[in-house]
Trainee: 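Dumping the structure here so I can ask a few things about it.
Here, residue 1 is the first one in the sequence, and each next residue gets the next number.
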Amino acid sequence: SGSGDVLNITHNGSVSGSSTSTGSFGHLKQNGNELPEFNSPGSDIAIGNDAGNAVDGTGANVIMGLSAGKIFTSAAGGGFRSVIIGYQAAQNRVSGSDNIVIGSRAAFGNANTNKDIGNDNILIGENTGYNLKGDTGPYNASENVYIGKNAGQNATDGTKNIALGGNSGTGIVNGSYNVIIGQGSGGTNPSNSVLIGQSSGLTASSTKEIVIGSGVTGHGSNTTTIGTTTMTDIYFASGSATGATFHGVKDFSGNVSGS
């Protein structure tokens with residue numbers, strides 16, 4: 001009847017048939033619950049209130065969640081072939097292609113300063129890749145993997161970073177080519193560095209630094225740090241009758257002993 005009425009559909013068994021209607025049926029409900037807003041123009045699919053409001057059917061994007069990809073567009077200069085799922089995920093983004101964005105406010109962005117997610121990124125977890133900026137810098141925020149709540153939250157235009165773990169890699173900013181694994185681990189704007197361990201840190205603005213261990217702090221660019229001050233022994237080739245050979249050693253500092 002009127003446009004404000006509710007149509008409830010229940011059935012047992014099979015229902016088939018076809019019909020054409022030009023009228024308005026108000027809200028469609030299933031089992032007493034309203035279905036989310038569904039928008040499927042062309043190759044784009046958007047499910048959820050305000051989800052994918054600007055897609056035009058040419059981008060092959062899948063967008064799901066309240067206000068997810070709210071202003072994301074598949075028009076010229078927009079985004080293509082991306083999956084955006086979660087409450088307000090990529091809400092303030094207009095463009096970016098071949099991305100996987102899953103999580104509440106993942107890749108949320110700022111409608112005035114960073115509308116582009118970048119390309120080929122995998123962002124999984126609440127607030128991951130929140131500030132990625134694909135429309136500036138030499139690398140345009142491409143091919144990053146951030147997994148875990150707040151992972152890579154402050155990263156902007158860097159490329160080929162991997163951060164795994166809650167609050168990991170939050171200080172990468174525009175650094176690139178880093179591998180950071182561990183809850184709460186990271187550093188301020190590192191590049192070409194590797195960090196493995198919970199709550200460990202790379203030196204600020206370091207490059208080619210390796211840090212391994214829980215609660216370990218690095219010693220700067222072109223250095224390798226393994227373990228904390230409580231570590232007493234390091235074993236190489238444990239159980240081997242012949243031991244291991246060190247190559248390329250320039251010198252040793254501190255007390256050195258062996259057996």
Trainee: Go through Thr223 and Thr203 one step at a time and tell me if the side-chain contact (heavy atoms from CB on, under 4.5 Å) criterion holds.
Mentor: CA-CA 10 Å; Thr223 66; Thr203 309; 5.8 Å; no
Trainee: Name the orientation class of the two ring planes belonging to Phe108 and Tyr130 (parallel below 30°, tilted from 30 to 60°, perpendicular beyond 60°).
Mentor: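 Rings of Phe108 and Tyr130: parallel, as their planes differ by under 30°.
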Trainee: Can you pull the salt bridge (charged side-chain N to carboxylate O under 4.0 Å, His left out) pairs that have at least one residue in residues 130-159, sequence neighbours excluded?
Mentor: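 Of all non-adjacent pairs touching residues 130-159, those that pass salt bridge (charged side-chain N to carboxylate O under 4.0 Å, His left out) are Glu126-Lys149, Glu143-Lys160.
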Trainee: Step by step, work out the side-chain hydrogen bond (donor to acceptor under 3.5 Å, both in side chains) result for Ser95 and Asp116.
Mentor: CA-CA 5 Å; Ser95 55; Asp116 194 304; 2.9 Å; yes
Trainee: What heavy-atom pair brings Ile63 and Ala51 nearest, and what distance separates the two atoms?
Mentor: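 Minimum heavy-atom separation between Ile63 and Ala51: CG2-CB, 4.2 Å.
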Trainee: Are a donor atom and an acceptor atom from the side chains of Asn161 and Asn144 found within less than 3.5 Å of each other?
Mentor: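 Checked: Asn161/Asn144 side chains pair up, N/O donor to acceptor below 3.5 Å.
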Trainee: With side-chain hydrogen bond (donor to acceptor under 3.5 Å, both in side chains) as the criterion, how do Ser176 and Thr159 come out once you've worked through the C-alpha distance, each side chain's angles and the decisive distance to 0.1 Å?
Mentor: CA-CA 5 Å; Ser176 297; Thr159 186; 5.7 Å; no
Trainee: OG of Ser206 to CG of Asn192: how many Å apart, nearest 0.5 Å?
Mentor: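 Taking OG in Ser206 and CG in Asn192, the distance rounds to 9.5 Å.
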Trainee: Looking only at non-hydrogen atoms, find the nearest pair between Ala89 and Ile84 and report the distance.
Mentor: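 Nearest heavy atoms, Ala89 then Ile84: O-CG2, 3.6 Å.
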Trainee: Going hydrophobic residue to hydrophobic residue with side-chain gaps under 4.5 angstrom, can you get from Phe252 over to Met231?
Mentor: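 Same cluster.
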Trainee: Check for a donor-acceptor pair, side chain of Thr73 on one end and backbone N or O of Val94 on the other, with a separation under 3.5 Å.
Mentor: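 Absent.
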Trainee: Using the rule that two of Ile, Leu, Val, Met, Phe, Trp, Tyr join whenever any of their side-chain heavy atoms come within less than 4.5 Å, decide whether Tyr235 and Ile226 are in one cluster.
Mentor: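 Result: no, two separate clusters.
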Trainee: So, taking the atom named OG1 in Thr156 and the one named CG in Asn140, what distance separates them when rounded to the nearest 0.5 Å?
Mentor: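 CG of Asn140 is found 11.0 Å from OG1 of Thr156.
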Trainee: Report the C-alpha separation of Arg93 and Leu132 in whole Å, then their side-chain angles, then the decisive distance to 0.1 Å, and conclude whether the side-chain contact (heavy atoms from CB on, under 4.5 Å) test is met.
Mentor: CA-CA 10 Å; Arg93 304 295 188 161; Leu132 281 184; 4.0 Å; yes
Trainee: When rounded to the nearest 0.5 angstrom, what distance separates CD in Glu209 from CG in Leu195?
Mentor: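 The CD atom of Glu209 sits 8.0 Å away from the CG atom of Leu195.
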Trainee: Is there side-chain contact between Asn110 and Asn92, with heavy atoms separated by less than 4.5 Å?
Mentor: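 No - every pair of side-chain heavy atoms lies 4.5 Å or more apart.
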Trainee: Spell out, as yes or no, whether a donor-acceptor pair under 3.5 Å connects the side chain of Asn127 to the backbone of Gln153.
Mentor: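 Not at all, since once roles are kept as given, no pair shorter than 3.5 Å links the two residues.
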Trainee: Look up atom CG in Leu164 and atom CD1 in Ile181, then write down how far apart they are to the nearest 0.5 Å.
Mentor: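 So the gap between those two atoms works out to 5.0 Å.
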Trainee: Membership question, hydrophobic clusters at under 4.5 Å side-chain separation (ILVMFWY): are Ile45 and Ile85 in the same one?
Mentor: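 Yes, it is one cluster - the side chains of Ile85 and Ile45 are joined through contacts under 4.5 Å.
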Trainee: Say whether, by atom type as modelled, one donor and one acceptor occur between the side chain of Ser199 and the main chain of Gly184 under 3.5 angstrom.
Mentor: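 Flag not set: sc Ser199 to bb Gly184 has no pair under 3.5 Å.
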Trainee: Under 3.5 Å, which donor-acceptor pairs do the side chains of residues 210-219 form with other protein atoms, sequence neighbours left out?
Mentor:
residue	atom	partner	partner atom	Å
His219	ND1	Thr225	OG1	3.0

Trainee: So, Gln183 side chain and Gly166 main chain: donor-acceptor pair closer than 3.5 Å or not?
Mentor: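 Yes, Gln183 side chain to Gly166 backbone: donor-acceptor pair under 3.5 Å.
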Trainee: Which pair of heavy atoms, one from Asn61 and one from Phe80, lies closest together, and at what distance?
Mentor: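 Nearest pair, atom of Asn61 first, then Phe80: OD1-C, 3.3 Å.
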Trainee: Taking the side chain as C-beta and beyond, is there a heavy-atom pair between Asn154 and Ile172 under 4.5 Å?
Mentor: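 Side chain of Asn154 against side chain of Ile172, heavy atoms only: no contact under 4.5 Å found.
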Trainee: If you compare all heavy atoms of Arg105 against all heavy atoms of Gln88, which two are closest, and at what distance to 0.1 Å?
Mentor: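 For Arg105 and Gln88, the tightest heavy-atom pair comes out as NE-OE1, 2.6 Å.
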Trainee: Between Ser74 and Asp44, is any side-chain donor less than 3.5 angstrom from a side-chain acceptor?
Mentor: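 Ser74 vs Asp44: donor-acceptor pair found between side chains.
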Trainee: Are Ile122 and Val179 grouped together when hydrophobic residues (ILVMFWY) are joined by side-chain heavy atoms under 4.5 angstrom apart?
Mentor: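 Yes, Ile122 connects to Val179 through the hydrophobic network.
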Trainee: Is any side-chain heavy atom of Asp98 closer than 4.5 Å to one of Asn119?
Mentor: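 No; the side chains remain at least 4.5 Å from each other.
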Trainee: Taking all heavy atoms of Ala106 and all of Gly125, pick out the closest pair and write down the distance.
Mentor: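 Minimum heavy-atom contact is CB-O, 3.6 Å.
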Trainee: Strictly distance-based, threshold 3.5 Å: is any side-chain N or O of Asn178 a donor or acceptor partner for the main-chain N or O of Ser193?
Mentor: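 Yes, the answer is positive, given that a donor and an acceptor are paired below the 3.5 Å cut-off.
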Trainee: Donor-acceptor pair, Asp50 side chain versus Lys70 backbone, under 3.5 Å?
Mentor: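 Looks like no, no N/O pair under 3.5 Å.
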Trainee: For the atom pair OH (Tyr87) and CG (Leu66), what is the distance rounded to the nearest 0.5 Å?
Mentor: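 Reported to 0.5 Å precision, the distance equals 6.0 Å.
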Trainee: Passes side-chain hydrogen bond (donor to acceptor under 3.5 Å, both in side chains), Asp56 versus Thr58? Steps please.
Mentor: CA-CA 6 Å; Asp56 67 357; Thr58 62; 2.7 Å; yes
Trainee: Should Ile47 and Val83 be regarded as members of a common hydrophobic cluster, given that ILVMFWY residues are connected when their side-chain heavy atoms come within less than 4.5 Å of each other, either directly or indirectly?
Mentor: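 Per the 4.5 Å side-chain linkage, Ile47 and Val83 are co-clustered.
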Trainee: Output the distance between atom NZ (Lys208) and atom OG1 (Thr224), rounded to the nearest 0.5 Å.
Mentor: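 If I round to the nearest 0.5 Å, the distance is 12.5 Å.
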Trainee: Can you see which heavy atom on Gly59 is nearest to which on Ser43, and at what distance?
Mentor: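 For Gly59 and Ser43, the tightest heavy-atom pair comes out as N-OG, 3.6 Å.
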